[in-house]
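Notes to accompany the following structure.
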Amino acid sequence: MSVPRLELFVHGSSHAGREARAQVASLCESLKEHALQLAVTDLERQPDAGKALGVLLTPTLVRRDLPGQPRVFGSFTDLAATARALALPEVIA
């Protein structure tokens with residue numbers, strides 16, 4: 001089984017981007033025994049990076065290692081729902 005690869009797309013240092021970084025860090029900490037890989041892409045610095053994936057809104061979190069690359073956007077405060085949407089292991093609240 002491959003290591004889950006996540007990519008978080010944010011726009012600059014916006015409040016939503018800062019919150020998303022903290023929420024995704026909490027998600028990764030909750031799933032630390034599953035060795036998630038996380039990349040953060042700032043669309044302010046790399047505007048073309050999200051275009052290839054059709055990322056229109058930020059923050060957007062994409063699971064890159066699965067066909068169809070499931071994604072969620074907005075707030076990731078509900079870690080269990082975020083994990084389910086991305087087909088990640090269960091998060092115990």
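Hydrogens, waters and symmetry mates are skipped; everything else that's a heavy atom, side chains included, is used. Position 1 is the first residue of the sequence; numbering continues from there.
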Minimum heavy-atom separation for [X] and [Y], please, with both atom names.
X: A49; Y: T41; result: CB-CG2, 3.6 Å
X: A87; Y: L66; result: CB-CD1, 3.9 Å
X: A83; Y: P89; result: CB-O, 3.7 Å
X: G12; Y: D42; result: N-OD1, 2.7 Å
X: A35; Y: V3; result: O-CG1, 2.5 Å

Taking the side chain as everything from C-beta on, heavy atoms only, tell me whether [X] gets closer than 4.5 Å to [Y].
X: Q23; Y: S75; answer: yes
X: V24; Y: F76; answer: yes
X: V72; Y: T60; answer: no
X: L8; Y: L6; answer: no

- Intermediate values then yes/no, side chain to side chain contact (heavy atoms under 4.5 Å, CB included), L27 and L88: CA-CA 10 Å; L27 176 66; L88 292 169; 4.1 Å; yes

- Got a second to check how far R71's CZ is from E7's CD, nearest 0.5 Å?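 If we round to the nearest 0.5 Å, R71:CZ and E7:CD are 10.0 Å apart.
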
- Query: SG of C28 to NE2 of H34: how many Å apart, nearest 0.5 Å?
  - Reply: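 If we round to the nearest 0.5 Å, C28:SG and H34:NE2 are 11.5 Å apart.
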
- Are F73 and L79 linked, directly or through other ILVMFWY residues, by side chains that come within less than 4.5 angstrom of each other?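 Shared cluster, no.
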
- Does CD in E33 sit with more than 12 non-hydrogen atoms of other residues, nucleotides or ligands closer than 6.0 Å?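 Yes, because the 6.0 Å sphere around CD of E33 holds more than 12 heavy atoms from other groups.
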
- Message: Using a 4.5 Å cut-off between side-chain heavy atoms of Ile, Leu, Val, Met, Phe, Trp and Tyr, which other residues end up in the same hydrophobic cluster as F9?
- Response: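 Its cluster partners, ordered by chain and number, are L43, L53, V55, V62.
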
Atom pairs and distances, donor-acceptor, side-chain atoms in residues 14-22, under 3.5 Å, two or more places apart:
from	atom 1	to	atom 2	distance (Å)
S14	OG	H11	O	3.3
S14	OG	G17	N	3.0
R18	NH1	S13	O	2.4

- Query: Looking only at atom types and distance, does a side-chain atom of R64 sit under 3.5 Å from a main-chain N or O of R5, one as donor and one as acceptor?
  - Reply: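 No; judged by distance alone, with no hydrogens or angles, the pair does not exist.
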
- Check: R63 side chain, L86 main-chain N or O, donor-acceptor pair, under 3.5 Å: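 Side chain of R63 to backbone of L86, a donor-acceptor pair under 3.5 Å: yes, one is there.
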
